[in-house]
Amino acid sequence: MHLIWFRNDLRLTDNPAFSAAVNQANQDHCPLLALFVRCPQQDKKHHRAQSQCDFWDANMVDLINRLNQLNISAMIKTVPCYENLAQLMQVLLESHKIEKLFFNREYLVNEQKRDQAVIKVCEHNNVQSCIYEPAYLLPPQSVEKKNGGMYHVFTPYKRQFIEQLKADYATPLGMPEKVTRPYTHALDSEDIKSDWQHDWWPVGEPAARKLLSEFVEHARYQQQRDYPAVEGTSKLSPYLALGIISARQCLAQALKEQGESAFQSTWVSELIWREFYHDLIAFYPRLVKHQTFKEDAMDHWQHDERIVEAWKNGQTGFPIIDAGMRQLKQEHWMHNRVRMLVASFFTKLCLQDWRIGEQHFMQNLIDGDFASNNGGWQWSSATGCDAAPYFRIFNPTTQSKKFDENGDYIRRYVPELKDLPAKNIHEPSEQQRRDCGYPQPIIDYKQARGQALDWFKSG
DNA sequence: GTGTCCTTGTT
DNA sequence: ACAAGGACA
């Protein structure tokens with residue numbers, strides 16, 4: 001009997017390990033079992049948002065139903081941490097007489113360590129571990145500079161990336177056939193129920209595929225993506241983070257809709273940013289230890305609990321910032337433009353440690369992805385790869401007027417300001433704030449900007 | 001060496 | 001006009 005272990009690849013299509021496992025089972029005329037392991041303590045250590053854990057559970061339940069239709073039985077197990085996995089695996093391999101274990105590689109340090117330990121258990125038990133490359137656009141670490149080494153600047157990386165991608169991109173794998181030999185015995189599995197009911201994040205691979213095709217067909221991403229009041233972004237990030245759809249499927253859909261020009265599109269460029277940050281982690285594992293990418297970057301920050309709390313709770317007195325932070329709390333998601341604004345505000349204007357912001361995002365975002373989140377925060381705080389220079393400081397009010405001109409986004413998440421006219425809503429007067437019960441600004445922008453420039457310059 | 005360029009800006 | 005400095009070919 002063979003075993004397919006699902007992790008952050010909760011899909012049946014374009015899943016290399018899964019397709020291979022089904023083929024192998026049918027070739028060997030044996031059943032295939034699916035395994036899902038939950039590690040709540042590990043999730044805590046990684047600051048994984050509760051919303052993402054719940055969404056993972058919900059998608060697992062959905063996936064198991066569809067696995068059953070393919071004659072595949074599934075087991076759910078819970079252990080505290082990754083280090084408990086080897087022991088669990090030992091028991092499972094033995095009790096189910098597993099011959100081959102299939103899974104897709106993951107590139108983060110703890111995940112690699114976890115998998116190495118499991119591979120050892122396999123070897124010890126004479127079980128073959130069959131490991132596949134996850135369905136990135138290009139395999140990690142396959143894009144290098146002409147003289148070798150990882151790019152540290154996005155633009156040349158992207159140029160090279162597209163060149164290689166055009167020359168050789170993989171067509172997404174389809175859905176495998178049914179497994180011909182069902183497993184007929186009872187399985188010792190936990191019974192996890194899911195009561196996921198957020199309309200804006202429908203559960204399951206079919207729903208995700210539908211969101212993808214509708215987005216690619218109708219979106220005006222380039223024109224709309226910067227306006228947080230508009231549904232102009234794909235909102236596919238939670239699905240990408242848990243592998244409910246693959247990046248390759250996204251590209252394939254874009255190519256189908258737009259032809260070769262898709263390679264140059266803004267949205268595909270964002271997919272390449274994702275690969276850039278994932279590649280960086282693969283090349284520089286020290287990044288998972290929250291070290292700055294630039295070793296000599298300014299990295300000593302003020303620690304002001306009052307500011308941190310106001311920021312987290314959306315009480316800074318800057319409407320666009322507070323709208324973003326409250327959207328995060330309410331929807332476990334924040335519009336990308338606003339993510340940049342709140343991050344720039346936190347690090348460059350308030351001089352608070354980017355790691356605090358990074359962790360807060362991970363703890364709250366349904367789409368939390370270590371590499372993208374870390375890359376984004378280091379970009380914002382001028383400590384990272386190809387980062388915004390330290391003197392590039394977003395003016396929250398200017399940005400608000402530019403990208404939320406009518407104040408619709410602010411009104412949605414900061415209801416105490418909902419009756420203010422557009423010309424005041426970005427920067428209400430002292431009196432208006434008192435009347436609305438909205439805080440006075442926690443910092444003075446002009447003063448903070450000047451202070452930040454000095455602070456960064458002095459290193 | 002040497003020229004060109006650098007995600008999302010501000011005043 | 002301005003804000004540094006470094007990556008890349």
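The figures here come from the full heavy-atom set of this structure, side chains too, leaving out hydrogens, waters and symmetry mates. Quick caveat: nothing in here was measured; it's all calculated off a predicted structure.
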Can you check the [X] [atom1] to [N] [atom2] distance for me, whole Å?
{"X": "Phe394(A)", "N": "dT11(B)", "atom1": "CZ", "atom2": "P", "result": "12 Å"}
{"X": "Tyr390(A)", "N": "dG6(C)", "atom1": "OH", "atom2": "C1'", "result": "14 Å"}
{"X": "Tyr277(A)", "N": "dT8(B)", "atom1": "OH", "atom2": "P", "result": "11 Å"}
{"X": "Lys348(A)", "N": "dT8(B)", "atom1": "NZ", "atom2": "C1'", "result": "11 Å"}
{"X": "Trp379(A)", "N": "dG6(C)", "atom1": "CH2", "atom2": "P", "result": "20 Å"}
{"X": "Phe154(A)", "N": "dT4(B)", "atom1": "CZ", "atom2": "P", "result": "23 Å"}
{"X": "Ile272(A)", "N": "dT8(B)", "atom1": "CD1", "atom2": "P", "result": "17 Å"}
{"X": "Phe276(A)", "N": "dA7(C)", "atom1": "CZ", "atom2": "P", "result": "12 Å"}

Looking at [X], I'd like to know whether one of its side-chain N or O atoms comes within less than 4.0 Å of OP1 or OP2 on [N].
{"X": "Lys146(A)", "N": "dA9(C)", "answer": "no"}
{"X": "Asn395(A)", "N": "dT11(B)", "answer": "yes"}
{"X": "Arg392(A)", "N": "dA4(C)", "answer": "no"}

Which part of the nucleic acid, if any, lies within contact of [X], taking any heavy atom under 4.0 Å across all strands shown: a base, the sugar-phosphate backbone alone, or nothing?
{"X": "Tyr445(A)", "answer": "sugar-phosphate"}
{"X": "Glu270(A)", "answer": "base"}
{"X": "Arg337(A)", "answer": "base"}
{"X": "Leu453(A)", "answer": "nothing"}
{"X": "Lys402(A)", "answer": "sugar-phosphate"}

Seminar exercise, completed: Per-residue pairing states of DNA chain C in dot-bracket (Watson-Crick or G-U under 3.5 Å; . unpaired, | other strand) read ||..|||||
May I ask you to check whether [X] and [Y] place their ring centers less than 6.0 Å from one another?
{"X": "His360(A)", "Y": "Trp311(A)", "result": "yes"}
{"X": "Phe263(A)", "Y": "Tyr169(A)", "result": "yes"}
{"X": "Trp273(A)", "Y": "Phe154(A)", "result": "yes"}

Out of [options], which nucleotide sits closest to the side chain of [X]?
{"X": "Pro156(A)", "options": "dG9(B), dC8(C), dT10(B)", "answer": "dC8(C)"}
{"X": "Gln399(A)", "options": "dG9(B), dA9(C), dT8(B)", "answer": "dG9(B)"}
{"X": "His152(A)", "options": "dT8(B), dC8(C), dA4(C)", "answer": "dC8(C)"}
{"X": "Phe391(A)", "options": "dA3(C), dC8(C), dT11(B)", "answer": "dA3(C)"}

[N] to [M] separation - [atom1] atoms, rounded to the nearest Å:
{"N": "dC5(B)", "M": "dA3(C)", "atom1": "C1'", "value": "16 Å"}
{"N": "dC6(B)", "M": "dC2(C)", "atom1": "C1'", "value": "16 Å"}
{"N": "dG6(C)", "M": "dG1(B)", "atom1": "P", "value": "14 Å"}
{"N": "dG9(B)", "M": "dG5(C)", "atom1": "P", "value": "22 Å"}

Exercise. Got a salt bridge between Arg274(A) and Glu270(A), using NZ or NE/NH1/NH2 to carboxylate O under 4.0 Å?
Worked result: no
Can you label the angle between the [X] ring and the [Y] ring as parallel, tilted or perpendicular, going by 30° and 60°?
{"X": "Tyr132(A)", "Y": "Phe102(A)", "result": "parallel"}
{"X": "Phe161(A)", "Y": "Tyr157(A)", "result": "tilted"}
{"X": "His335(A)", "Y": "Trp333(A)", "result": "perpendicular"}

Exercise. Contacts to DNA chain B from residues 220-231 of chain A, heavy-atom cutoff under 4.0 Å, which residues?
Worked result: Arg225(A), Asp226(A)
Problem set entry | The single option from Gln330(A), Glu331(A), Arg326(A), Lys418(A) passing side chain to side chain donor-acceptor pair (under 3.5 Å) against Tyr413(A) |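 That would be Glu331(A); it is the only one of Gln330(A), Glu331(A), Arg326(A), Lys418(A) passing the side chain to side chain donor-acceptor pair (under 3.5 Å) with Tyr413(A).
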Exercise. If we only count heavy atoms from C-beta on, is the Val61(A) to Asp57(A) side-chain gap below 4.5 Å?
Worked result: no
For this session: Mind running ring-ring contact (aromatic ring centres under 6.0 Å, His included) on Phe361(A) and Trp377(A) for me, showing each step along the way?
Result: CA-CA 10 Å; Phe361(A) 267 31; Trp377(A) 274 96; 5.0 Å; yes
Exercise. Between Phe293(A) and Arg286(A), is there a cation-pi geometry (under 6.0 Å to ring centre, at most 45° from the normal)?
Worked result: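 Yes.
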